[in-house]
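In this text the structure is predicted, and so the values were computed from the model without any measurement. Keep in mind that the numbers below use all heavy atoms, side chains included, and drop hydrogens, waters and symmetry copies. Atoms within each ligand, like the ligands themselves, are counted from 1 in listed order.
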Amino acid sequence: MSVRVRVAPSPTGFLHVGTAQSALYNWLFARHQGGKFFVRFEDTDKERSKKEFEEEMTQTLKWLKLDWDEEITVVSNNLPRHQEMLSKLLSEDKAFYCHHTKEELEAERKEQEEKKLPPRHVCGFKNNERGKEAGGIVRLKVDETSDRIIAFDDAIRGKVEFKQSLLGDFAIGRAADDPLYHFAVVVDDVDMKITHILRGEDHISNTPKHILIYEALGFSLPVFAHLPLLLGIDRSKLSKRHGDTAVANYMNDYLPEAIVNFLGCLGYTFSKEIISKEEMVQEFELAKVHKSGAIFDVQKLNWINSQWIKKLSPQEFKQKAGLPQIPDIVVPLITERLEKFSDAKEFSYLWQQPEYDPSLLKWKKGELSDAKSALEKVLESFKDISWDKETLKAKLDEIAGGDRGMVYWPLRAALSGKEKSPDPVELSLVLGKEEVIKRIDIAVKKLS
Ligand code: GLU
């Protein structure tokens, strides 16, 4: 049997990091097994589904480089098949029309809530003639008197069981020509010959319903596997109140390799922390996906991103960080210290004269006049000096005469305009003699 899997996002917003993770695990499983991976937009929520979200999701999945094997499908395009299958169930008496009004159903739901009963609708229309009369919601007939346990072998969680009697006659269509998610998803998965359904744990309670639909339609079941959910820092399901949940919000600052690496490790223990998706493919086994959710910790993502940034060539880095054409030797000074691309602007002193207040030049144990005289001495000695690490360091130490801060502090400030920066000797080497002398000169003038 060749593996066929899909990710089926609802195009009701930007691609969520959790959906990206589901896409990744489906992709990894397909690639490891030599199978196929598909994307299907589930636009069964007509009010909230938008073409622009389909477009955004497509672009974002491409950015993550999770390639799919056939053109993307859209659920609503399969409507004639859904209608045909719904009519089939109605004519076979496996489904019926529920003529209860919204108000009646609402009152029932409230009562169940008050009595702390599980919400379900056991419909009085299912076994009488009116249930055959067109109009109203279409429901699947579910025998509430049955003591059947609907069980399935989840490829991640093992045996999962639900009592059939708790399901009620659940809705499968708003009308005979208007299928709901539960119904469309089953028909589409059957039509696409999906062999394994890997989706978020939040769908686990839908699976027994889907199993009953497969059975009613006479189709054999796929393998189900429910992926752990991403959690916020307080261990509740990740949501907007925890921070950005759209992949799009990470695109400017992070590399796709870092996002994929991070999401991959949030539900699976690979052999190393920094890992490419191709390496993950080699190792991936469905049964090893974690059962419990992991915290979406941006600090961890930042660290992973910093590791991937270091792998870029200087040219790639400058382009991605939007930097001017600075010499390549400057780049490691930035990438050694950078977590996110937008932080690169903090290093603008590497390619332009920094702006700073003269008070920054003052070392905490000295006065502004001490800074001035130290910088004057450095300026004088730098004019005619061999420009290498050892010579520069020896000269600065000599001027400092035991109190390094007296010289190193104002020099760092003069060169970078910052309290923290790479070592001033290192900085001098990458900036070059001419630029260093210019910057010290400016500093001295600021103090005059
Ligand atoms: N459309 C569902 C979602 O976005 C996925 C359903 C499924 O994978 O079966 O959560």
Colleague: List the residues meeting side chain to side chain donor-acceptor pair (under 3.5 Å) with K240, not counting sequence neighbours, and say none if there are none.
Modeller: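 Not a single residue meets the side chain to side chain donor-acceptor pair (under 3.5 Å) criterion with K240.
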Colleague: Pairing donors with acceptors under 3.5 angstrom, does anything connect the side chains of H203 and H226?
Modeller: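 Checked: H203/H226 side chains show no N/O donor-acceptor pair below 3.5 Å.
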Colleague: Closer than 4.0 Å to some heavy atom of S10 - which atoms of ligand 1 meet that?
Modeller: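 Those of ligand 1 that fall under 4.0 Å from S10 are 1 (N), 2 (C), 3 (C), 4 (O).
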Colleague: Enumerate the atoms of ligand 1 whose separation from the nearest heavy atom of R6 is less than 4.0 angstrom.
Modeller: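 So the answer, numbered in order with elements, is 7 (C), 8 (O), 9 (O).
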Colleague: Taking only Lys NZ, Arg NE, NH1 and NH2, and the carboxylate oxygens of Asp or Glu, determine whether E42 and R6 approach each other closer than 4.0 Å.
Modeller: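 R6 and E42: not salt-bridged.
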Colleague: Return a table of donor-acceptor pairs under 3.5 angstrom between the side chains of residues 343-353 and protein atoms on other chains or two or more places apart.
Modeller:
residue	atom	partner	partner atom	Å
K345	NZ	S342	O	2.9
S348	OG	K345	O	3.4

Colleague: Could you find the nearest protein heavy atom to atom 10 (O) of ligand 1 and give me its residue, atom name and distance?
Modeller: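 Ranked first by proximity to atom 10 (O) of ligand 1 is H203 NE2, 2.8 Å.
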Colleague: Below 3.5 angstrom, do we get any N/O pair linking A8 and ligand 1?
Modeller: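 In this structure, A8 places an N or O atom under 3.5 Å from an N or O of ligand 1.
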Colleague: May I ask you to list the atoms of ligand 1 that are less than 4.0 angstrom from any heavy atom of E42?
Modeller: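 So the atoms of ligand 1 that pass are 1 (N), 2 (C), 5 (C), 6 (C).
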Colleague: Please identify which atoms of ligand 1 are closer than 4.0 Å to at least one heavy atom of V185.
Modeller: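 Heavy-atom distances to V185 below 4.0 Å select 9 (O).
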Colleague: Salt bridge between K163 and D147, side-chain N to carboxylate O under 4.0 Å?
Modeller: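 No, this pair does not count.
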